[in-house]
Amino acid sequence: MTDRKVRVRFAPSPTGPLHMGGVRTALFNYLFAKKHGGDFLLRIEDTDQNRFVPGAEEYIIESLNWCGLHFDEGPGVGGKYGPYRQSERKPLYKQYADQLLESGWAYYAFDTPEELEKLRLEAEQKGEVFSYGIQTRGTLCNSLTLSKEEVLTRLKSGEHFVVRFRMPENTNVIENDIIRGEVTFNTSVLDDKVIYKWDGMPTYHLANVVDDHLMEITHVIRGEEWLSSMPLHVLLYRALGWENTRPRFAHLPLILKPVGKGKLSKRDGDKMGFPVFPLKWIDPETGETFHGYREDGYFPEAFINLMALLGWNPGTEQEFFSLKELVPVFSLERVVKSGSRFDPEKAKWFNRHYFQQKTEQELAELFKPILQEKGVSVSETKLLKVVTEVKERCQFVSELWDQSSYFFVIPESYDAKTIEKRWLAETPGQLTEICGVFETVENWEQSTIKEAFSNFMNSKGWNFGAVMNPFRLCLVGGNVGPDLFKICEILGKEETISRINAAIEKIAK
């Protein structure tokens, strides 16, 4: 490959929601392009119209935008190498299929699906696997075994056909993968893949190679599952005369399930209660809903940081990286070959870090929609005070309500265990007297409330623990929350006294 401007592409199929493995592939492409001053393209590979799912393309684009992975060229953005949907490029591919047929690198195959299925079943019964390729193509219904006249007759009559790539016999295809090093495949174990169909649509293999060539892609960075396709793609470049300008390959390791063996799947997320998709997805056919990282309260920066460290490491102890910080340190040479195990707890840990990095003002703004949903109206001053007090206890915005609801809503019930253990016969009288003391406190702040309370308790000789636990119970409904006198300050004098009196009355009943 000659020195050219780096151009990479993320090329998903719109067959459903974008898996987090797909996001990582997009991320590594993005980082590689930006590090080398190159272009990051999005190409929608929708040649298989039978598997097309409505809304999937929009979901892919929205997911990338949420992650901050903005593409330089693609659907809706444009670029001089468009169109960027393969279905819109359909007329391009026939000439290349014809070129391969004329040069002998491809052939017409007329075998029906029923005939091929019969051959597969017969092979299965013998404990073998049927493969359409070097060993079998000479006995099947194709342009290698039929006369030219018969082939022309079949084509003119409109008979269904596919075009298959003709694998050369006993040839080693050697490729230096950027991540895996030298990889060798022998063609004797490879089948003759379908590259073009009767309906005028190419399969993934031909469309992928043609588009990468025409879009001047310099590096193909994709998942490990495509490694077995690499020899066919290398040979397609050779057959089309593009070997000197073809891209270099880098195959990323699998993301493994948290427990057990194998690739992380949607089922693992369902079973263990974590998302495997960046955004919520509603299946248009079944109506089934799948969790998304965004809707589950993860910040995009936490999600991207997590994705970056699945299979790549910076060679240092640093674990927290913004997208901007990742660009200069990223390299494909530091991507590992072996699979990387996903840890859902690590995902929460990353989110906690980015949650704590946000200012109280930022978190208050994120909290407001939740409060509105709950029908809570609150002053900006009180909201900021509440967020400041409970922030340390949270790792998601949704937890702000769990940790602070008592600041906005009077407790409707009180923790039974605390009542049983801490609510003594003398408790109501003690709390009533404390309310009387609080009525006299003029400067209602944490320090003055605490001072008035402590002086009164000392003067009475009462046990602090015996009083403070039921006191807290009255205000928050349980044995939770930050400093008790800070709670009093934020609630205000009237609300504090009102809650104590209400609790005395309710618990007495």
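The basis for the numbers below is simple: all heavy atoms, side chains too, and nothing from hydrogens, waters or symmetry mates.
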[X] (side chain) donor-acceptor with [Y] (main chain) under 3.5 angstrom:
| X | Y | answer |
| --- | --- | --- |
| Lys391 | Lys358 | yes |
| Arg4 | Thr245 | yes |
| Asp192 | Met167 | yes |

> By salt bridge (charged side-chain N to carboxylate O under 4.0 Å, His left out), which residues pair with Lys374, not counting sequence neighbours?
Replying inline: none

Tell me which donor-acceptor pairs under 3.5 Å the side chains of residues 395-404 have, and how far apart each pair is, sequence neighbours excluded?
unit_1, atom_1, unit_2, atom_2, d
Glu399, OE1, Gln395, N, 2.7
Glu399, OE1, Phe396, N, 3.4
Ser404, OG, Leu400, O, 2.5

> Do the ring planes of Trp242 and His213 sit parallel (below 30°), tilted (30 to 60°) or perpendicular (above 60°)?
Replying inline: parallel

> Aromatic rings Phe249 and His251: how do their planes relate, parallel, tilted or perpendicular, breaks at 30° and 60°?
Replying inline: parallel

>> Under 4.0 Å between a side-chain nitrogen and a carboxylate oxygen: does that hold for Lys34 and Asp39?
In response: no

> Looking at Arg43 and Pro12, what are the two nearest heavy atoms and their distance?
Replying inline: O-CD, 3.4 Å

>> So which atom in Ala207 and which in Gln86 form the shortest heavy-atom distance, rounded to 0.1 Å?
In response: CB-NE2, 3.4 Å

>> For the aromatic rings, using the six-membered ring if either is Trp, is the centroid distance between His233 and Tyr204 under 6.0 Å?
In response: yes

> Given the side-chain rings of Trp312 and Phe330, with only the six-membered ring counted for Trp, is the space between their centroids under 6.0 Å?
Replying inline: yes

> For the ring pair (Phe, Tyr, Trp, His ring centres under 6.0 Å) test, which of Tyr354, Phe320, Tyr298 pairs with Trp349?
Replying inline: Phe320

>> Within 45 degrees of the ring normal and closer than 6.0 Å to the centroid, is that where the cationic atom of Arg154 sits relative to Phe110?
In response: yes

> Does any donor atom in the side chain of Asn170 or Ser188 lie under 3.5 Å from an acceptor atom in the other side chain?
Replying inline: no

Heavy atoms, side chains only, cut-off 4.5 Å: are [X] and [Y] in contact?
| X | Y | result |
| --- | --- | --- |
| Phe342 | Asp268 | no |
| Met201 | Lys94 | no |
| Phe71 | Tyr84 | no |

Can you give the donor-acceptor pairs under 3.5 Å from side chains of residues 118-125 to other protein atoms, not counting sequence neighbours?
none

